[in-house]
Number of protein chains: 2
Amino acid sequence: MPPRRTPSRRSYDQYCAAARALDAVGDRWTLLVVRELLVGPRRYTDLHADLPGVSTDVLASRLKDMEREGLVTRRRLPPPAAASVYELTGRGRELLPVLQALGTWGAPALAERRDTDAVRAHWFALPLLRHLAGLGVPGVAEVRLDEGQFHVRVGETPVGDAAGDTGYGDGPAPTDPDVRLALSAETCAEVSRGAVTLAEGVRDGRIEVTGEGRLAKALAALRET
Amino acid sequence: MPPRRTPSRRSYDQYCAAARALDAVGDRWTLLVVRELLVGPRRYTDLHADLPGVSTDVLASRLKDMEREGLVTRRRLPPPAAASVYELTGRGRELLPVLQALGTWGAPALAERRDTDAVRAHWFALPLLRHLAGLGVPGVAEVRLDEGQFHVRVGETPVGDAAGDTGYGDGPAPTDPDVRLALSAETCAEVSRGAVTLAEGVRDGRIEVTGEGRLAKALAALRET
DNA sequence: CGGCATCCGTGACGATACTG
DNA sequence: CAGTATCGTCACGGATGCCG
């Protein structure tokens, strides 16, 4: 029998940048864990709740793998809360463009909504960020859906890829937002997949815009186009 | 017993654009098959040869899945050659930005080259395209490595994402290239991961530049910077 | 109660052999 | 050449148990 090295973590063993990336994040669930952590630090139980279908041991195993890969750090919260949270490292946050590209490509599939599908509000932050960034106006938007709320930060960079000032988070905005949006998950999905533009949504009232910041003015201006 | 639906192809069942994308291309080997087909139509045996490690049945299964997903079409070659080739559909080619993002993220890992790693020349086309596109000069470059040669097309679009005129292919350029490059795989990897810029490589002679087109002039100009 | 570890059944994966 | 067939192994998903 040949001395095969333990395939504990299976590698493609290819001197190729994409294959190397898939060695690190190609396992089932890994990129979805990144998606969850992109909204901010989360506890194990919260991760498990927002990743319906993942089994407890696989989630624990992935988190350990990601820690070894340097994508995630585990931090113990101050005494009052006897819990620990998982948090993306800088290297982990650099996966945002990967999830952006995947989300852009997969958005058309949102046309079909199965009744077995789970939904979380912050899953729309990724595609919505892309469309808001397309306006070319930096700022913070707070988005309210029936399923929950989240906020997105549009940075100064044109396409808003991996810049530190571009991203999103769960819940209300930590600082006063430049604009508040209220819309349904359906509308959110239609905007995400490009079936409805932001301008159309604002114009026909499916997207409710409040606020006085630059972003609010830019969105209100879409009503006139 | 609950009426569990057959998990023949496992879905995340999440109403999220990224999760939908991973439903389609998240299986092991799938994105690497796309990488192979991005260089042009290929036969089963060629795919198997350039994907060391994949077993025959898994490759066949993936190709069938991808055909069902509309990423790949199978085309029978004209009578002389009694073979058939697999080819990306438009939808499949739209995965280029996904592989670009993965390649960008994974490029730093090219610093470590294991002796178990397989190498193919066209695996460098992806990152090299990104750096050549960064020059902002459209054109066709033919690249020669010891391991083989390939060519890249830089289109008019600034970032050169999914535009139809941006891409790459195996072997020599189909039309007369605007520039010919000759370099080693090591240099190619260093440029890919940003450890060496195109300018540095051209300046110290590790990248040999020939040709008279706009791209050739732009690269030659780097020598002066 | 949060954070796993263990056990178990099923399916995916990898290697090899074989066939039209 | 282009797969299919077979088989052993391992990863995944679900449930349950343990331990601070």
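Within every chain, numbering begins at 1; the chains are lettered A, B, ... in the order of the sequence lines, protein sequences first and strands thereafter.
- Phosphate contact (OP1/OP2 of C:dG2, side-chain N/O of A:Y86, threshold under 4.0 Å): absent.
- Side-chain contact annotation: B:Q149 with B:R180, donor-acceptor N/O pair under 3.5 Å absent.
- Between the side chains of A:E36 and A:H122, at least one donor-acceptor pair of N or O atoms lies under 3.5 Å.
- Between D:dG3 and B:R74, a contact under 4.0 Å exists linking OP1 or OP2 to a side-chain N or O.
- As rounded to whole Å, 11 Å separates atom P of D:dG14 from atom CG of B:D13.
- Within 6.0 Å of atom CZ in B:R28, more than 12 heavy atoms from other residues, nucleotides or ligands are found, so the atom counts as buried in its surroundings.
- When rounded to the nearest whole Å, the span between CE of A:M66 and P of C:dC4 equals 14 Å.
- With rounding to whole Å, B:R75 atom CZ is found 14 Å from D:dA2 atom P.
- Neither OP1 nor OP2 of D:dA11 sits under 4.0 Å from any side-chain N or O of B:R28.
- Side chain of B:D178 to backbone of B:A141: no donor-acceptor contact under 3.5 angstrom is found.
- Of the candidates B:V34, B:D65, B:L37, B:T89, B:L37 is the only one forming a side-chain contact (heavy atoms from CB on, under 4.5 Å) with B:V72.
- Scanning atom types as modelled, no donor and acceptor separated by under 3.5 angstrom connect the side chain of B:D57 and the base of C:dA12.
- For B:R10 and C:dC13, the CZ to C1' distance is 11 Å, given to the nearest whole Å.
- Taking the six-membered ring where tryptophan is involved, the planes of A:Y15 and B:F124 are perpendicular, since the angle between them exceeds 60° and thus also 30°.
- With no hydrogens or angles considered, no side-chain donor-acceptor pair links B:R153 and B:T166 at under 3.5 Å.
- The shortest distance between the side-chain N/O atoms of B:W29 and the OP1/OP2 oxygens of C:dG14 is below 4.0 Å.
- Residues from residues 33-47 of chain A with heavy atoms under 4.0 angstrom of DNA chain D: there are none.
- Residue-to-nucleotide contacts include a donor-acceptor pair under 3.5 Å from the side chain of A:T56 to the base of C:dA5.
- Between A:K64 and C:dG3 there is no side-chain N or O to OP1 or OP2 distance below 4.0 Å.
- Note: NE2 (A:H48) to C1' (D:dA15) measures 11 Å, nearest angstrom.
- Rounded to whole Å, atom C1' of D:dC1 lies 13 Å from atom CG of B:L59.
- Between the P atom of D:dC12 and the CG atom of A:L32 lies a distance of 13 Å, rounded to the nearest Å.
- Between the CG atom of B:L63 and the C1' atom of D:dC1 there is a distance of 15 Å, rounded to whole Å.
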